[in-house]
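As the structure lists them, so they are numbered: ligands from 1, and atoms in each ligand from 1.
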Amino acid sequence: MPGLELAVVVPAFNERLNVQPLLECLAAALRGIEYEVIFVDDDSPDGTAALVRLAGLHDRRVRVIQRIHRRGLASACIEGMLSTAAPYIAVMDADLQHDETILPVMLRKLREENLDLVVATRNTAGGSMGEFSSARVRLSDFGKRLGALISHCDLSDPMSGFFVLDRRFLDEVSHSLSGVGFKILLDLVASSKRPVRFGEVPYRFRNRLHGASKLDILVALEYLQLLLDKLVGDVVSPRFVIFGLVGAVGVAIHLSILFLLRQVEHRTFAFSQVVAAFVVMTLNFFLNNAITYRDQRLKGRGLIFGLASFYLACSVGAVINLRIALFAVEGGVSWLPAGFFGLVAGSVWNYAISGIFTWRRKKSAAARLYSGAPVLEKPPAV
Ligand SMILES: Nc1nc2c(ncn2[C@@H]2O[C@H](COP(=O)(O)OP(=O)(O)O)[C@@H](O)[C@H]2O)c(=O)[nH]1
Ligand SMILES: [Mg+2]
């Protein structure tokens, strides 16, 4: 029996209606190729995972990785790619927007030209952007230019989510991947320490038949996070940079409220300072929950506990800020750098403590199950 040649990794969120049509399209397009299809589902409420498992009962080439308490397109693709033994790996969307009939062409090109990667591109001659709004095309062009800067790779469609790669290339870059946001292709090429050998195959981007796009404004922020990680990720965590930016907005708002209450309302300094601090802590909490910790966003009761722990963490942070600044001033440092040191120390504290208590990762069911189990000295014999 010929061995497995190609794995098709399909990130999916609420794509129930597209599962069966996609499997049929792949079966027709990949006739003669030994392949498997791996859906990576983030616990879609519409039951996508259960449906894929049902399909897997009748077709052993089909399986699903169901991730609980997780979200993210790029990280889903990475986990799918790492889960297969196939020497060639394709990534494509579940929504039938990617034209599966060009997969054999891409695979042949990858093999015959000994490439790392073949990308299906939407905007070279012969390809098309489908019915995208002009604003979205402009945004995509802007992102593309930024992406080219960090990836040192002249892809004509670096935002494409449809490509085939050689497993050896994946192994080369897997430890450097950021796994943030929507742009897995950019992540892959920007993680390479050497020029990537790539090819391109144009295709016509189809319109969605079922389900809705998951792209929203926060995806743009995640893209920024990916760029940050690729630029400064070795030095400082991009999450900390975003936390710091949210904090900087907070400082500006704090000073504005203080000014308003003191100068316009003529309130006492202590009152104004306390009101400003509470408004800003609350605002920062919700901004961090929506942006910085988007992947671990707190909801419902968790939101209330989270807010309370954030108030507590930031109050201690404020004391540390003040102590350090005063200490520096007493040591002869002038007030501006002293204030800055205090602010940085307070922010590092807030970031560290809120990361541990406010947005602590939920323990997965598996982790809870195994937490009491003895640690194996040696891997079990297979
Ligand atoms: N596992 C997983 N898949 C996702 C997530 N967000 C989007 N997807 C899937 O990724 C693919 C592309 O998303 P889509 O919303 O169609 O993006 P668009 O084509 O750029 O509008 C689709 O197959 C989605 O179901 C996610 O958070 N987790
Ligand atoms: Mg889509």
**Student:** List every atom of ligand 1 that sits less than 4.0 Å from any heavy atom of A94, numbering the atoms from 1 in the order shown and giving each element.
**Tutor:**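 Close to A94: 23 (O).
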
**Student:** Rounded to the nearest 0.5 Å, how far apart are CG of L170 and SG of C77?
**Tutor:**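 Atom-to-atom, L170:CG and C77:SG are 11.0 Å apart.
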
**Student:** Could you tell me if any non-hydrogen atom of R70 lies under 4.0 Å from any atom of ligand 1?
**Tutor:**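 Not so, R70 does not reach ligand 1.
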
**Student:** So does E34 pair up with R61, basic N to acidic O under 4.0 Å?
**Tutor:**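 Salt bridge between E34 and R61, a charged N being under 4.0 Å from a carboxylate O: no.
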
**Student:** Please state which part of Q97 comes within less than 4.0 Å of ligand 1, counting heavy atoms only: side chain, backbone, both or neither.
**Tutor:**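 Q97 to ligand 1: side-chain contact only, backbone stays beyond 4.0 Å.
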
**Student:** Under a 4.0 Å N-O cut-off, is there an ion pair linking R167 with D171?
**Tutor:**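 Looking at R167 and D171, the cut-off is met.
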
**Student:** Just jot down the ligand 1 atoms closer than 4.0 angstrom to any heavy atom of D93, in number order.
**Tutor:**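 Near D93, meaning under 4.0 Å from one of its heavy atoms, ligand 1 has 11 (C), 12 (C), 19 (O), 23 (O).
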
**Student:** Strictly under 2.8 Å of the Mg ion (ligand 2): which protein N/O/S atoms qualify?
**Tutor:**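 Listed by chain and number, the atoms are D95 OD2, Q97 OE1.
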
**Student:** Counting the benzene-type ring for Trp, do W359 and F243 have ring centres under 6.0 Å apart?
**Tutor:**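 No: the rings miss the under 6.0 Å criterion.
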
**Student:** Ligand 1 versus V40, non-hydrogen atoms closer than 4.0 Å: side chain, backbone, both, neither?
**Tutor:**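 Contact part for V40 vs ligand 1: backbone (N, CA, C, O).
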
**Student:** How far does CG of L261 sit from OG1 of T268, to the nearest 0.5 angstrom?
**Tutor:**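 Going from CG on L261 over to OG1 on T268, the span is 9.0 Å.
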
**Student:** Quick one: list whatever passes ring-ring contact (aromatic ring centres under 6.0 Å, His included) with F162, sequence neighbours left out.
**Tutor:**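 H98, Y203.
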
**Student:** Where does A76 meet ligand 1, judged by heavy-atom distances below 4.0 Å: at the side chain, the backbone, both, or neither?
**Tutor:**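 Just the side chain.
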
**Student:** Please tabulate, for the side chains in residues 310-320, all donor-acceptor contacts under 3.5 angstrom to protein atoms that are two or more places apart in sequence or on a different chain.
**Tutor:**
{"unit_1": "Y311", "atom_1": "OH", "unit_2": "T282", "atom_2": "OG1", "d": "2.8"}
{"unit_1": "S315", "atom_1": "OG", "unit_2": "Y311", "atom_2": "O", "d": "2.6"}

**Student:** If the cut-off is 4.0 Å to any non-hydrogen atom of E15, which atoms of ligand 1 fall inside it?
**Tutor:**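 Result: 22 (C), 23 (O), 24 (C), 25 (O).
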
**Student:** If I compare all heavy atoms of S44 with all of A12, which pair ends up nearest, and what's the gap?
**Tutor:**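 Looking at all heavy atoms of both residues, the shortest contact is OG-O, 3.9 Å.
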
**Student:** Tell me the nearest of S160, P11, A12 to atom 23 (O) of ligand 1, using heavy-atom distances.
**Tutor:**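 Among S160, P11, A12, the closest heavy atom to atom 23 (O) of ligand 1 belongs to P11.
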
**Student:** I need the atoms of ligand 1 closer than 4.0 Å to a non-hydrogen atom of G72, numbered in the order shown.
**Tutor:**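 Close to G72: 26 (C), 27 (O), 28 (N).
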
**Student:** Out of D95, D42, I184, I65, who gets a non-hydrogen atom closest to atom 28 (N) of ligand 1?
**Tutor:**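 Among D95, D42, I184, I65, the closest heavy atom to atom 28 (N) of ligand 1 belongs to D42.
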
**Student:** Against R206, only a single residue in D93, D95, D99 fulfils salt bridge (charged side-chain N to carboxylate O under 4.0 Å, His left out); can you say which?
**Tutor:**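 Option passing the salt bridge (charged side-chain N to carboxylate O under 4.0 Å, His left out) with R206: D99.
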
**Student:** Report, one line per pair, each donor and acceptor closer than 3.5 Å where one atom sits in a side chain of residues 328-344; sequence neighbours left out.
**Tutor:**
none

